[in-house]
**Student:** 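Input: one structure, supplied below.
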Amino acid sequence: MAQKYEVRQMQQTQQVKPNPYENALEQLRIAAGYLKLDEGVHQILANPKRQLTVSLPVKMDSGKTKVFTGYRVQYNDARGPFKGGIRYHPGVTLDEVKALSAWMTWKCSVANIPFGGAKGGIICDPKQMSQGELERLTRRFGAAIAPIIGPYKDIPAPDVYTNSQTMAWILDTYSTLEGVMTPAVITGKPISLGGSLGRDKATGRGAVYTTVEAAKVNKVNLKGAKFAVQGFGNAGSNFAEILQTYGAKLMGASDSKGSIMSKTGMDADKLIAHKEKTGSVVGFPGSQQISEKELLQMDVDILSPAALENSILPDIAKGIKAKIVTECANGPTTPEADKILHGNKVFVIPDILANSGGVIVSYLEWVQNLERNYWTVEEVNSMLEKKITSAFHDVHEASVKHDVDMRTGAMIVGVGRVAEAVKTLGVFP
Ligand code: NAD
């Protein structure tokens with residue numbers, strides 16, 4: 001049985017599908033095979049529950065009216081209210097939003113938090129828009145999706161080119177329409193509006209907790225272990241700052257302006273300060289500039305791709321020396337490269353597990369809002385550690401049981417829990 005699906009997986013890796021939704025369906029098919037899913041349940045999981053497309057007329061600064069298109073896809077809510085970010089990008093498509101909403105469903109399930117999955121997007125170029133135009137677009141979108149969101153229905157969050165200010169506008173729009181201030185309708189809010197302490201560093205911190213467990217499993221001593229980070233932004237720099245508190249040494253880092261390495265190691269806090277001051281990691285005192293390929297293939301124990309999707313390609317994967325790859329970024333490894341890493345016994349902590357710290361603390365933010373009771377950063381971090389550590393072991397156990405890599409293990413756990421909920425709910429009417 002396992003062999004049959006290995007073959008299917010190989011076929012998948014040989015033909016990379018440009019359509020992200022087809023990729024998501026193929027991943028679902030692989031997990032369904034291991035789980036021996038009932039065909040009806042598989043069909044339910046292969047279709048979003050609701051897809052909303054909205055037209056958004058916005059008065060531009062020029063005085064003209066422009067109509068934008070926005071989407072909210074609610075994939076599955078069998079385990080709890082829909083949850084997922086909102087992305088502003090010229091390249092947004094309905095199929096992309098559908099795929100992202102499916103991945104959110106599996107991610108929340110792997111993290112074992114009581115949420116389903118959703119995603120939203122607006123086709124727009126935020127870099128070409130003023131703050132006023134962005135605010136009017138956001139409020140119009142908030143009003144358009146207001147009937148289907150809510151603290152017990154669907155809780156959006158930030159994603160690409162949206163931030164805590166965007167969330168504040170949606171919160172205000174929804175609360176004005178409802179006539180009651182409703183902080184729990186959205187997460188990733190500013191602290192002044194009920195955001196959670198610890199949310200800003202949650203993704204990097206969660207990725208460190210999964211790396212700590214991976215180090216134990218792979219007998220890597222973190223004290224003195226060497227690591228490199230591609231993409232020294234929010235997720236990557238926090239990952240570096242927190243991992244070094246375990247005694248690990250940052251040997252290389254990069255951003256969109258270039259890659260650097262140091263033979264003696266770099267202090268992550270000083271590198272963060274340097275990037276804040278100069279706008280890049282490049283030029284950090286004591287470092288030398290290298291190519292991106294050299295960075296990814298450095299002689300380190302741990303490598304974290306924390307920039308964009310598709311940065312680890314087959315050619316790069318062949319030369320990766322790290323024993324552990326912690327995917328802070330979403331989709332950094334192509335399917336072909338994944339196969340090579342697995343063959344070379346590189347232990348990959350897949351994105352839906354490694355970067356789930358963000359959504360776990362979003363869940364904690366939502367609970368605090370509903371309870372009107374706020375926790376200290378230590379309390380938040382400790383709950384994050386407990387949840388993500390337990391998720392790591394659930395995935396690791398599944399990967400050992402089915403003799404598959406951690407990515408397939410994560411899909412088996414994520415899809416398995418949602419399938420169980422769907423099956424138990426039954427089919428209405
Ligand atoms: P960010 O914008 O703060 O950081 C991205 C960094 O990558 C920047 O420093 C940028 O200069 C760098 N970069 C861009 N192109 C690069 C290239 N070609 N080579 C090297 N570096 C490059 O974004 P972020 O929030 O840290 O997100 C990074 C990744 O983590 C994304 O894939 C995102 O989806 C994922 N992620 C983030 C969160 C979160 O809470 N921030 C949660 C889940 C997943």
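Numbers here simply count residues along the sequence, with the first being 1. First listed ligand is number 1; within each ligand, the first listed atom is number 1.
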**Student:** Just checking, any donor-acceptor pair under 3.5 angstrom between side chains of T210 and E213?
**Tutor:**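 Per modelled atom types, T210 and E213 side chains form no pair under 3.5 Å.
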**Student:** Which ligand 1 atoms, with their elements, are less than 4.0 angstrom from a heavy-atom of C328?
**Tutor:** 30 (O), 35 (C), 36 (N), 44 (C)
**Student:** Among all protein heavy atoms, pick the one closest to atom 15 (N) of ligand 1 and tell me residue, atom and distance.
**Tutor:**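 Protein heavy atom with the smallest distance to atom 15 (N) of ligand 1: L308 CD1, 3.6 Å.
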**Student:** Do T203 and N355 meet the criterion of a side-chain donor-acceptor pair at a distance under 3.5 Å?
**Tutor:** no
**Student:** May I ask you to check whether T105 and N76 show a side-chain donor-acceptor distance below 3.5 Å?
**Tutor:** no
**Student:** Is the closest heavy atom of K257 to ligand 1 under 4.0 Å?
**Tutor:**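 Under 4.0 Å: no for K257.
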**Student:** Taking the non-hydrogen atoms of A329, is any one of them nearer than 4.0 angstrom to ligand 1?
**Tutor:**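 Yes.
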**Student:** With atom 25 (O) of ligand 1 as the reference point, say which of T203, N163, N234 has the nearest heavy atom.
**Tutor:** N234
**Student:** How close does the nearest protein non-hydrogen atom get to atom 29 (C) of ligand 1, and which residue and atom is it?
**Tutor:** A307 O, 3.4 Å
**Student:** How are the rings of H396 and H393 set relative to one another: parallel (under 30°), tilted (30 to 60°) or perpendicular (over 60°)?
**Tutor:** perpendicular
**Student:** Indicate yes or no: does R87 engage E96 in a salt bridge with an N to O separation below 4.0 Å.
**Tutor:**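 Salt bridge between R87 and E96, a charged N being under 4.0 Å from a carboxylate O: yes.
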**Student:** Identify the residue among R50, K49, K153 that makes a salt bridge (Lys or Arg N to Asp or Glu O under 4.0 Å) with D77.
**Tutor:** K49
**Student:** Return yes if a side-chain donor-acceptor contact under 3.5 Å exists between D394 and N112, otherwise no.
**Tutor:** no
**Student:** Give the contacting part of E309 toward ligand 1: side chain, backbone, both or neither, where contact means a heavy-atom distance below 4.0 Å.
**Tutor:**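 None of E309 does.
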**Student:** Tell me which one of P305, G204, A306 gets a heavy atom nearest to atom 28 (C) of ligand 1.
**Tutor:** A306
**Student:** Judged by modelled atom types alone, do K189 and N369 share a side-chain donor-acceptor pair under 3.5 Å?
**Tutor:** yes
**Student:** Could you check which of N330, D255, V361 puts a non-hydrogen atom nearest to atom 32 (O) of ligand 1?
**Tutor:** N330
**Student:** At what distance is the nearest protein heavy atom to atom 4 (O) of ligand 1, and which residue and atom is it?
**Tutor:**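 Answer, as residue, atom name and distance: G233 CA, 3.2 Å.
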**Student:** Closer than 4.0 angstrom: is that true for some heavy atom of R199 and an atom of ligand 1?
**Tutor:** yes
**Student:** For S254, take its heavy atoms, then give the atoms of ligand 1 lying under 4.0 Å from any of them.
**Tutor:**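 In order of number, 20 (C), 21 (N).
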**Student:** Which atoms from ligand 1 have a heavy atom of F232 less than 4.0 Å away?
**Tutor:**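 What qualifies from ligand 1 is 9 (O).
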**Student:** Under 4.0 Å from a heavy atom of A235: which atoms of ligand 1 are those, numbered in the order shown and with their elements?
**Tutor:**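 Selected atoms, number and element: 26 (O).
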**Student:** Would a search of protein heavy atoms around atom 7 (O) of ligand 1 find one under 4.0 Å away?
**Tutor:**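 It does: a protein heavy atom is found less than 4.0 Å away from atom 7 (O) of ligand 1.
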**Student:** Between Y75 and F82, does the ring centre distance come in under 6.0 Å?
**Tutor:** no
**Student:** Kindly indicate whether atom 21 (N) of ligand 1 is approached by any protein heavy atom to under 4.0 angstrom.
**Tutor:**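 Within 4.0 Å of atom 21 (N) of ligand 1, protein heavy atoms are found.
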**Student:** Is a donor from one side chain sitting under 3.5 angstrom from an acceptor on the other, for S304 and T326?
**Tutor:**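 T326 and S304 do not have a side-chain donor-acceptor pair below 3.5 Å.
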**Student:** Within a distance under 4.0 Å of any heavy atom of K275, pick out the atoms of ligand 1 and give their elements.
**Tutor:** 9 (O)
**Student:** Among all the protein's non-hydrogen atoms, which is closest to atom 18 (N) of ligand 1, and how far away is it?
**Tutor:** E292 OE2, 3.7 Å
**Student:** Is it true that E327 and R407 have a side-chain N and a carboxylate O under 4.0 angstrom from each other?
**Tutor:**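 Yes.
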**Student:** What is the nearest protein non-hydrogen atom to atom 10 (C) of ligand 1, stated with its residue, atom name and distance?
**Tutor:**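 Answer, as residue, atom name and distance: S256 N, 3.9 Å.
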**Student:** Can S259 and E292 be counted as having a side-chain donor-acceptor contact under 3.5 angstrom?
**Tutor:**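 No, no side-chain donor-acceptor contact under 3.5 Å.
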